[in-house]
Amino acid sequence: MQGYSNGGGGGEGGPADLAKLQSIMQSIEIACSSIQMHVNPAAAEATILALCQSPQPYKACQFILENSQVANARFQAAAAIRDAAMREWAFLTADDRRGLISFCLCFVMQHACSPEGYVQAKVSSVAAQLIKRGWLDLSASEKEAFFNQVNQAIYCNHGVDVQFIGINFLESLVHVSEFSPTTSSAMGLPREFHEQCRMSLELDYLKTFYCWARDAAISVTKVIIESDAAVSEVKVCTAALRLLLQILNWDFRYNTSGTKMSINVFSAGVRQDSASAKRTECILVQPGPAWRDVLISSGHVEWVLNLYAALREKFSCKGYWLDCPIAVSARKLIVQFCSLTGTIFSSDNGQMQEHHLLQLLSGILPWVDPPDVVAKAIESGKSESEMLDGCRALLSIATVTTPFIFDQLLKSISVDHLFVITLLLQVFAMMFRPFGTLTLLSTLMCEVIKNLMLNSSEEGTWSWDARDILLDTWTTLLLSIDSKGGNALLPSEVLNATASLFALIVECELKVASMSAMDDNFNYLQASISAMDERLSSYALIARAAIDATVPLLTRLFTERFARLHQYPLHIKA
């Protein structure tokens, strides 16, 4: 690869060589501008394609990246490096391969303050793809050298921009599109290659990257919480939280021995199956015992809960905050913690996992309780995102535990599990109420159904989404109870709350049916017949849970409706 300069501008070949590089750069810049202005786009695209398809265009691409003032030209140069390297990888020397990776990493670090974030993201992505392509060719020491550059960016006080770039690169590397065999970038390689890369990353680096992201977030937390104005550390924390979530979303397949990890039902209190197909996505997180020290024993979950609670209290008067990236990322991470299951927990009859879930429920409880207050706030203009995430968290908890443990969690909450001082009075009252999580779930869904009735079951409202999530939670819990004939074991307060919930559901659905019968333009039933069938099966489970009350209710309603039909004879036109 003649003329390649490791990170340089490529102008060492003399004036003629420099003039050629400048000419190539100018042609790419003109092509990019022509595309933006819709001037002869076919010719412009052909010019850019020629760069991507030309043999060994690395020197010209590096020159463009380092010298062009046109952001789109730099973007296209990065794309051309990627395309050419994938095409020519087998013909490149080991030094050339390392040089390309190093150039991309150095470029993003040196230009961390660049306002064109999409160019930086592209170069990071190219570096990640090149590392993936050379994963099996690079020695352990060579990989360590590259990752040490990233580690230095995250930890060595080069500024929040460099720190952000380091985290962003790890996100590009871990991203599902790179290391998942089913969706990885096209490299023209067999599935076995991608599987080997996946196993190596999971076993040797994924936990390390998680720790780096966690420490990066912790390093900027104090500045964020203590500041009364917007600070740049927020983007570092947000990126780190996003990377933590992405790693937890990894499809863990291997234990520390590198063998396939089988599902292990290790205690009576935890269930590994998902009971049924849900409308709401719930991804189980099963990283294995090697992650116990990082996720469970270190107090990491408590730190995330404390961070969100502190920010929630600090910005409670600012309605927009709930939908800010840092709030959304923190909540998603908390919800994902609720799906943690498997051999990461000790074989202690489920006590470690129960403590974990109890801690999480204590943190998310203010998002959904008291249900009437939460619903009223949303109707008054507060964002519904926190409440919906609370519903998703309840679904996740229901998915990884038994109905009995799920119900007992709320009764077990004590002052030791509180994270926000201003909620002390509210939780103090909760400590002395006799009902558990199932009753809270029923009360919460009652408020959602009431809102649906007020909005005539309008699709797309927050209560519509909440209803579907909560129905999935009920289905997950009650299928297990129903299949074992265990309804009689439910506490009386749960039976009463379930009966009241079912009565409200029937009232809501009868109102919808009445509206559709009186309005020729009302097409709710026709448009939602499939969704209705799914809901009816969930309604039936709720009805069977309190069958002593729901069967008489249905009998009475049927009797009343048939009596009305006899009062109004049908007139059938010939």
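What you are looking at is a predicted structure, and each value in this text was computed from that prediction instead of being measured. Side chains are part of it too, since the values below use all heavy atoms of this structure and drop only hydrogens, waters and symmetry mates.
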Is any side-chain heavy atom of [Y] closer than 4.5 Å to one of [X]?
{"X": "Phe252", "Y": "Ile344", "answer": "no"}
{"X": "Val285", "Y": "Phe337", "answer": "no"}
{"X": "Leu340", "Y": "Ile296", "answer": "yes"}
{"X": "Ser339", "Y": "Cys282", "answer": "yes"}
{"X": "Leu201", "Y": "Trp250", "answer": "yes"}
{"X": "His111", "Y": "Val123", "answer": "no"}
{"X": "Val335", "Y": "Ser396", "answer": "yes"}
{"X": "Asp293", "Y": "Lys207", "answer": "yes"}

If I compare all heavy atoms of [X] with all of [Y], which pair ends up nearest, and what's the gap?
{"X": "Val368", "Y": "Cys391", "value": "CG1-N, 4.1 Å"}
{"X": "Leu305", "Y": "Gly363", "value": "CD2-CA, 4.0 Å"}
{"X": "Trp462", "Y": "Ala375", "value": "CH2-CB, 4.0 Å"}
{"X": "Phe169", "Y": "Ala127", "value": "CE1-CB, 3.7 Å"}
{"X": "Cys508", "Y": "Ile449", "value": "CB-CG2, 3.7 Å"}
{"X": "Val160", "Y": "Ser232", "value": "CG2-OG, 3.2 Å"}

Under 6.0 Å from the OH atom of Tyr205, do we count more than 12 heavy atoms belonging to anything else shown?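 Yes - once you tally the heavy atoms of other residues, nucleotides and ligands closer than 6.0 Å, there are more than 12.
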
Just checking Lys143: does its NZ atom have more than 12 heavy atoms from other residues, nucleotides or ligands closer to it than 6.0 angstrom?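 Yes, NZ of Lys143 has more than 12 neighbouring heavy atoms, counting only those of other groups under 6.0 Å.
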
Relative to Trp464, does Arg535 satisfy both conditions: NZ or CZ under 6.0 angstrom from the six-membered ring centre, and within 45 degrees of the ring's axis?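 Yes; both conditions hold, so Arg535 lies above the ring face of Trp464.
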
Establish, from distance only, whether the side-chain atoms of Gln129 and Ser125 form a donor-acceptor pair under 3.5 Å.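 Note: Gln129 and Ser125 side chains meet the donor-acceptor criterion.
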
For Ser538 and Thr475, does a side-chain donor sit closer than 3.5 Å to a side-chain acceptor?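 The answer is yes; a qualifying pair exists.
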
Donor-acceptor check, side chain of [X] to backbone of [Y], threshold 3.5 angstrom: yes or no?
{"X": "Ser200", "Y": "Gln196", "value": "no"}
{"X": "Thr473", "Y": "Ile469", "value": "yes"}
{"X": "Arg242", "Y": "Asn168", "value": "no"}
{"X": "Arg331", "Y": "Leu322", "value": "yes"}
{"X": "Thr401", "Y": "Ile397", "value": "no"}
{"X": "Glu354", "Y": "Ile405", "value": "no"}
{"X": "Gln120", "Y": "Val108", "value": "yes"}
{"X": "Lys122", "Y": "Ala79", "value": "no"}

What is the ring orientation for Trp303 with His300, classed by angle as parallel under 30°, tilted 30 to 60°, or perpendicular over 60°?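 Geometry flag for His300 against Trp303: parallel rings.
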
Give, for atom [atom1] of [X] and atom [atom2] of [Y], the distance between the pair rounded to the nearest 0.5 Å.
{"X": "Tyr210", "Y": "Leu248", "atom1": "OH", "atom2": "CG", "answer": "4.5 Å"}
{"X": "Leu479", "Y": "Leu541", "atom1": "CG", "atom2": "CG", "answer": "5.0 Å"}
{"X": "Leu173", "Y": "Gln246", "atom1": "CG", "atom2": "CD", "answer": "10.0 Å"}
{"X": "Thr341", "Y": "His356", "atom1": "OG1", "atom2": "NE2", "answer": "9.0 Å"}
{"X": "Leu307", "Y": "Ile334", "atom1": "CG", "atom2": "CD1", "answer": "8.0 Å"}
{"X": "Leu410", "Y": "Leu365", "atom1": "CG", "atom2": "CG", "answer": "6.0 Å"}

Between Glu195 and Arg253, is there a salt bridge with N-O shorter than 4.0 Å?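 Salt bridge between Arg253 and Glu195, a charged N being under 4.0 Å from a carboxylate O: yes.
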
Step by step, would you call His158 with Gln163 a side chain to side chain contact (heavy atoms under 4.5 Å, CB included)? CA-CA 7 Å; His158 296 305; Gln163 197 173 18; over 6 Å; no

Identified side-chain contact (heavy atoms from CB on, under 4.5 Å) partner of Glu233 from the options Ile224, Thr221, Thr238: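 Going through Ile224, Thr221, Thr238 one by one, the side-chain contact (heavy atoms from CB on, under 4.5 Å) with Glu233 is satisfied by Ile224 alone.
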
Taking the six-membered ring for Trp, is the centroid-to-centroid distance between Trp135 and Phe146 below 6.0 Å?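 No - the distance between ring centres of Trp135 and Phe146 does not fall below the 6.0 Å cut-off.
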
Any pair with a residue in residues 145-154 that passes salt bridge (Lys or Arg N to Asp or Glu O under 4.0 Å), sequence neighbours left out, goes on the list, sorted by first then second residue, please.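 Non-adjacent pairs meeting salt bridge (Lys or Arg N to Asp or Glu O under 4.0 Å): zero.
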
Quick one: which residue pairs count as a salt bridge (Lys or Arg N to Asp or Glu O under 4.0 Å) with a foot in residues 208-218, not counting sequence neighbours?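 The answer is none; no pair qualifies.
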
Test log, rule side chain to side chain contact (heavy atoms under 4.5 Å, CB included), inputs Thr498 and Trp474: CA-CA 10 Å; Thr498 305; Trp474 278 109; 4.0 Å; yes

Could you go through Ser383 and Trp321, starting from their C-alpha distance and side-chain angles, then the distance that decides it, and tell me whether this counts as side chain to side chain contact (heavy atoms under 4.5 Å, CB included)? CA-CA 9 Å; Ser383 172; Trp321 182 79; over 6 Å; no

Stepwise, does the side chain to side chain contact (heavy atoms under 4.5 Å, CB included) test hold for Leu454 with Lys450? CA-CA 6 Å; Leu454 289 175; Lys450 290 175 185 178; 5.7 Å; no

Kindly indicate, with the supporting measurements, whether the criterion ring pair (Phe, Tyr, Trp, His ring centres under 6.0 Å) is fulfilled by Trp367 and Tyr308. CA-CA 11 Å; Trp367 307 359; Tyr308 184 80; 5.3 Å; yes

